[in-house]
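These notes concern the structure reproduced below.
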Amino acid sequence: MPEAGPWILDDGALGRWLSGRHGDAVALDLEADSFHHYHEKICLVQVTADGRDALIDPLAGVDLSALRELLADPSVTK
């Protein structure tokens with residue numbers, strides 16, 4: 001069984017994870033809490049690229065806007 005990827009708990013860790021990405025594909029999965037809340041909020045982002053997995057914790061204050069450039073890039077398969 002493969003090891004679980006690292007937890008990303010701050011902006012620096014997210015930047016390091018993104019800078020280590022070299023492929024042209026990324027997989028993302030979002031977990032949101034909307035069952036008991038009127039407005040949804042993202043509670044967990046799971047990402048995989050180049051065989052590296054990570055769990056991003058937005059509730060720890062990680063700025064998810066760092067993913068914007070990656071997600072907007074049409075050359076990256078999502």
Side-chain angles (χ1 to χ4, degrees):
M1 173 179 275
E3 283 185 34
W7 277 96
I8 294 178
L9 301 173
D10 59 51
D11 298 345
L14 179 56
R16 287 187 297 278
W17 192 89
L18 288 169
S19 68
R21 192 189 65 77
H22 301 292
D24 59 356
V26 64
L28 291 110
D29 180 44
L30 303 176
E31 304 296 333
D33 178 8
S34 61
F35 186 68
H36 295 289
H37 295 277
Y38 182 73
H39 294 286
E40 285 189 8
K41 65 180 174 185
I42 297 173
C43 298
L44 179 69
V45 180
Q46 302 168 66
V47 292
T48 298
D50 307 318
R52 298 178 313 124
D53 305 318
L55 302 169
I56 305 169
D57 185 355
L59 301 179
V62 178
D63 182 3
L64 297 178
S65 67
L67 295 171
R68 184 175 295 134
E69 184 177 333
L70 172 68
L71 296 176
D73 186 342
S75 70
V76 175
T77 301
K78 293 108 180 142

Identify, with sequence neighbours excluded, every residue that meets side-chain hydrogen bond (donor to acceptor under 3.5 Å, both in side chains) alongside Glu31.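 In terms of side-chain hydrogen bond (donor to acceptor under 3.5 Å, both in side chains), with neighbours along the sequence ignored, Glu31 is linked to Gln46.
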Mind checking the [atom1]-[atom2] spacing from [X] to [Y]? Nearest 0.5 Å is all I need.
X     : Y     : atom1 : atom2 : value
Asp57 : Leu44 : CG    : CG    : 7.0 Å
Leu64 : Ile56 : CG    : CD1   : 6.5 Å
Asp63 : Leu14 : CG    : CG    : 8.0 Å
Leu71 : Lys78 : CG    : NZ    : 6.5 Å

Which heavy atom of [X] sits nearest to which heavy atom of [Y], and what is that distance?
X     : Y     : value
Cys43 : Asp33 : SG-CB, 3.3 Å
Asp53 : Pro6  : O-CD, 2.8 Å
Leu18 : Ala66 : CD1-O, 3.5 Å
Ala25 : Ala49 : O-CB, 3.7 Å
Val62 : Ile8  : CG2-O, 3.7 Å

Quick check: is Leu30 connected to Leu59 through a chain of hydrophobic side chains (ILVMFWY, heavy atoms under 4.5 Å apart)?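 Looking at the clustering, Leu30 is in a separate group from Leu59.
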same_hphob_cluster(Leu67, Trp7) at 4.5 Å side-chain heavy-atom cutoff: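 No, separate clusters.
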Do any pairs count as a side-chain hydrogen bond (donor to acceptor under 3.5 Å, both in side chains) and have a residue in residues 9-24, sequence neighbours left out, and if so which ones? none
